[in-house]
Amino acid sequence: MLAGFIIVSILFVDFSTAYAQRRKKRQKEALVEQSQIILTNEDETSRYRILIPSSPTEHELKAAHVLQDYLLQISGAALPIIKAEKAVSAFEIVLGQNERLDELDIGINLNDLKKDGFLIKTDSLRLVIAGGSEKGTLFGVYTFLEDYLGCRMYSPGVKVIPEIKKIAIDEIDDLQVPALDIRTTHYKITWDSEYIDWHKLSHDENGGRPDWGMWVHTFHALVPPDIYFEEHPEYFSMVNGKRLPTQLCLTNPDVLKITVQNLRKEIAENPEAMYWSVSQNDNRNYCTCDNCKAIDEREGSPSGSIIQFVNQVADQFPDRMISTLAYEYGRKAPKTLVPRDNVNIMLCSIEVYRDRSIEEDPTSASFMQDVIDWGKIAKDIIVWDYVIQFPNLISPFPNLQVIQPNLQFFVKNGVTAMFEQGNREVGGEFAALRAYLISKLMWNPDSNVDTLMNDFLDGYYGQGGKFIRTYIDEMREALLESGAHLRIFGSPNEAADSYLTPDLIDRYEELFDQAELAVADSAEILERVRIARLPLDFAIMEQAKKIYTGDRGLFHKVNGRWEVRTEIRSKIDPFTDLCIREGVTRVKEWSTSPDEYRSSMYRLLAQGMNEHLAYKKPVIFISPDSTRLRPEARE
């Protein structure tokens, strides 16, 4: 009896301990749940409704439908959309500049959100997503989906929508206002309506800029030389003592009158546009008549006559922003003249290198100073920046690591808008990655760029992402170690001694082989990895065309005869076919479709190698090489 009693007692103690542990666990879970908002339940139901203002704006209504649609896809729960005049409930997702915000008294100042900023905040059982006067609420919804529910949009065709039956939200207090008022990038992959809204961009589905009436180089449009030059050459530039229809004479009062008249007509035809460019044509033949020259000499820059003229135009349009270029001859800021508050300065970074950031590169010192000087006197500045190699759109271009520090520098010095000119054609080296990073960094230049890049590479390339990250990093390191400059007008041949040496190319090939092997079981992701490899194949073919013969040229000798290298021939068709499948329209900025590139390669191969008598013979210069003159002669 005693033994039996002891056994029963032990079992009772064990049972009591287990019961206490389970109870403690349930209590802990209950406490966690009390501090969370349970938006949807495991049985695909929800007590919540999406509350919009009584008179919602177009963007607030769209935000509600976007949230409703994604919550349905994520959880299976369909939340109703209700207007604010309906009965109050504790279970609300309050969207937009909503009447309910006054009742909740959560301390939000909607003016602080400007046009596009937003607040995501939990308040007791409610979730609030309130935005600025334009797309702020819509941007807030997409940020909520991405940052708090794990959704991603890497490209218009590659999205991540997790399956979460029970959506539980911890406490949130997330206020975001963009560092830049206007955020545009010239990548066609971004010309998608949802991509634009998800990544908070300012252009439209055609890459256009709705806020802008006239863009750049508008002197000819405002005072057309074909109408005025013959009878009034004095309206145009005096260059070396002669009037030319290249730029305008900015001190001629009739030029000001005609400019204002024609600009007024343009604005009447497009009254919604805020920004109107009154800016120099794309040449350097500015006016040097006595009056213009006197202003420019006094101000230490041809920007003097430009700003004086543009200020006068801006005075006639106080409800519009009048934009002008600080570009080439007019890039340096004037000494004493100050742009009007409604004058926008458009600075162009075309001259700077891309191997180091603007602040780190000594060769960018003058541009850096110009940005600083304009930042001190102008209230509205847009920078036209360049993030691609124009002569070779599909070519390795290791500039990714300078995008963030350059954006940070611009914002620090008063820049309020960015136009990041990428590829206006389809495709280009890492087009999806570049568009993704640039969009994120224009919204918040202080984002963790490594986290952004790794998230994209892993999400877009799967198991191949880590090898592509190594490829990006090693190419960048090779460029910096070489000391070479990276130019937007460079080429793979120019990089043959820096980041595209034979040994490095072999290493890059090895990394892409590993990336392809890692994703071989997914045809879709394998295709993306091979698209990322196109620039490397392009560089190999371009270098082979220049080298022409030997182990890395187009031709090599086999049994005493010149033959096409199989390694090159085998790249041409896969390269071209993949470009066509991807929709690539140009290999170079203004010319050369993929099919045209294929034809040019096959023409070269068909020409063959005709060995000249001078082939590989020593060369002796009869005349001196001008590039090797003594230093004092070169100076």
Side-chain angles (χ1 to χ4, degrees), residues 214-263 266 276-314 322-337 339 343-352 366-367 369-371 373-374 378 381-386 390-391 419 421 487-489 589-590:
M214 301 178 78
W215 184 228
V216 290
H217 304 314
T218 61
F219 279 178
H220 274 172
L222 292 167
V223 186
D226 55 340
I227 295 176
Y228 294 103
F229 182 68
E230 186 174 348
E231 293 187 13
H232 294 282
E234 71 275 13
Y235 292 176
F236 299 90
S237 293
M238 179 172 283
V239 181
N240 297 324
K242 184 179 179 181
R243 293 286 180 177
L244 298 175
T246 51
Q247 305 285 354
L248 298 180
C249 178
L250 299 177
T251 53
N252 186 305
D254 289 336
V255 169
L256 177 63
K257 290 178 185 177
I258 294 167
T259 298
V260 169
Q261 289 170 0
N262 287 334
L263 183 57
E266 294 285 344
W276 293 85
S277 181
V278 178
S279 58
Q280 68 202 62
N281 300 318
D282 201 5
N283 65 71
R284 301 179 182 182
N285 293 319
Y286 59 92
C287 188
T288 57
C289 74
D290 290 344
N291 291 334
C292 290
K293 186 177 181 180
I295 297 170
D296 294 343
E297 288 182 348
R298 183 192 74 209
E299 297 297 329
S301 169
S303 66
S305 54
I306 294 172
I307 294 301
Q308 177 167 294
F309 178 78
V310 171
N311 278 348
Q312 291 174 301
V313 175
I322 306 302
S323 176
T324 198
L325 283 164
Y327 173 64
E328 291 199 337
Y329 67 83
R331 200 186 75 192
K332 185 180 178 182
K335 290 179 180 177
T336 64
L337 284 169
V343 168
N344 164 268
I345 302 299
M346 179 179 281
L347 272 160
C348 302
S349 67
I350 196 167
E351 301 93 341
V352 303
S366 64
F367 176 75
Q369 190 59 52
D370 290 341
V371 174
D373 291 343
W374 282 109
I381 302 174
I382 183 171
V383 168
W384 184 324
D385 195 23
Y386 307 82
F390 290 108
F419 172 57
Q421 186 174 358
R487 302 187 310 123
I488 62 174
F489 297 107
E589 184 185 16
W590 297 108

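Side chains included, hydrogens not; waters and symmetry mates left out as well; all remaining heavy atoms used. The structure displayed is predicted, hence computed values, not measured ones. Positions are given from 1 along the sequence.
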May I ask you to check whether over 12 heavy atoms, not counting those of Arg284, lie within 6.0 Å of atom CZ?
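12 or below, so no.
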Does the side chain of [X] reach to within under 4.5 Å of the side chain of [Y], using non-hydrogen atoms?
X: Gln280; Y: Leu248; value: no
X: Trp215; Y: Phe419; value: yes
X: Met214; Y: Glu266; value: yes

Partner set under side chain to side chain donor-acceptor pair (under 3.5 Å) for Ser277, not counting sequence neighbours:
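Testing Ser277 for side chain to side chain donor-acceptor pair (under 3.5 Å), a comparison that skips the adjacent residues, returns Ser279.
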Can you tell me if [X] uses its side chain to pair, donor with acceptor, with the backbone of [Y] under 3.5 Å?
X: Thr288; Y: Met238; result: yes
X: Gln247; Y: Asn285; result: no
X: Trp374; Y: Met346; result: no
X: Gln312; Y: Leu256; result: no
X: Thr324; Y: Val278; result: yes
X: Asn283; Y: Thr246; result: yes
X: Ser301; Y: Ala333; result: no

Tabulate below the donor-acceptor pairs under 3.5 Å that side-chain atoms of residues 224-236 make, not counting sequence neighbours, or state none.
from: His232; atom 1: ND1; to: Glu234; atom 2: OE2; distance (Å): 2.9

Got a second to check how far [X]'s [atom1] is from [Y]'s [atom2], nearest 0.5 Å?
X: Asn291; Y: Lys293; atom1: CG; atom2: NZ; answer: 12.0 Å
X: Leu244; Y: Ser237; atom1: CG; atom2: OG; answer: 7.5 Å
X: Ile258; Y: Leu263; atom1: CD1; atom2: CG; answer: 13.5 Å
X: Arg331; Y: Ile350; atom1: CZ; atom2: CD1; answer: 11.0 Å
X: Ile307; Y: Glu299; atom1: CD1; atom2: CD; answer: 9.5 Å
X: Ile345; Y: Leu347; atom1: CD1; atom2: CG; answer: 7.5 Å

In sequence, state the C-alpha distance, the side-chain angles, and the governing distance for Ser349 and Phe367, and then conclude on side-chain contact (heavy atoms from CB on, under 4.5 Å).
CA-CA 7 Å; Ser349 67; Phe367 176 75; 3.6 Å; yes
Phe219 and Leu250: CA distance, side-chain angles, deciding distance, side-chain contact (heavy atoms from CB on, under 4.5 Å) verdict
CA-CA 10 Å; Phe219 279 178; Leu250 299 177; 3.8 Å; yes
Nearest heavy-atom neighbours spanning Cys289 and Thr251:
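The pair with the smallest heavy-atom distance is SG-OG1, 3.9 Å.
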Ion pair present between Lys332 and Asp370, side-chain N to carboxylate O less than 4.0 angstrom?
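No.
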Verify the distance criterion only: is there a donor paired with an acceptor across the side chains of [X] and [Y] at less than 3.5 Å?
X: His217; Y: Asn281; answer: no
X: Gln369; Y: Asp373; answer: yes
X: Trp384; Y: Gln421; answer: yes

Let me see the working for Glu328 and Cys348 under side-chain contact (heavy atoms from CB on, under 4.5 Å), right down to the final yes or no.
CA-CA 8 Å; Glu328 291 199 337; Cys348 302; over 6 Å; no
Can you pull out every ring-ring contact (aromatic ring centres under 6.0 Å, His included) where at least one residue sits in residues 281-309? Sequence neighbours excluded, please.
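Listed once each, the pairs are Tyr286-Tyr329.
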Passing option when Asp296 is tested against Cys287, Ser305, Pro334, Ser303 for side chain to side chain contact (heavy atoms under 4.5 Å, CB included):
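The side chain to side chain contact (heavy atoms under 4.5 Å, CB included) with Asp296 is passed solely by Ser305 among Cys287, Ser305, Pro334, Ser303.
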